[in-house]
Amino acid sequence: MDVVRILIAILIPPLGVFLQVGLGLQFWLNIPLTILGYVPGIIHAIWVILRK
């Protein structure tokens with residue numbers, strides 16, 4: 001299941017974070033990171049998914 005979340009995180013980082021933690025702080029933090037730069041959003045999303 002983590003592989004699917006990582007693939008989703010690469011395509012749409014906030015969705016990958018949402019699937020992992022819901023509407024928490026990490027989700028809301030990922031949205032501006034993705035808007036400011038797509039790569040920081042991906043890195044943050046993968047970090048959130050893998051730290052589980």
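Since the model is a prediction, treat every value here as computed from it, not as a measurement.
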For I42 against A9, the heavy-atom pair lying closest together: CG1-O, 3.9 Å
Please name the pair of heavy atoms, one in T34 and one in P13, separated by the smallest distance, quoted to 0.1 Å. OG1-CB, 3.6 Å
Apart from L11 itself, what residues make up its hydrophobic cluster when side-chain heavy atoms of I, L, V, M, F, W and Y under 4.5 Å apart count as a link, directly or indirectly? V4, I8, I12, L15, V17, F18, L19, V21, L23, F27, W28, I31, I35, W47, V48
Verify the cluster assignment for I49 and I10: are they in a single hydrophobic cluster under the rule of side-chain heavy atoms below 4.5 Å apart? yes
Evaluate H44 against Q26 for side-chain contact (heavy atoms from CB on, under 4.5 Å), listing each step before the verdict. CA-CA 9 Å; H44 177 258; Q26 298 298 329; 2.7 Å; yes
Quick one: name the residues clustered hydrophobically with L25, using the 4.5 Å side-chain heavy-atom rule over I, L, V, M, F, W, Y, and just say none if it's on its own. none
Interatomic distance, R5 atom CZ to I46 atom CD1 [nearest 0.5 angstrom]: 14.0 Å
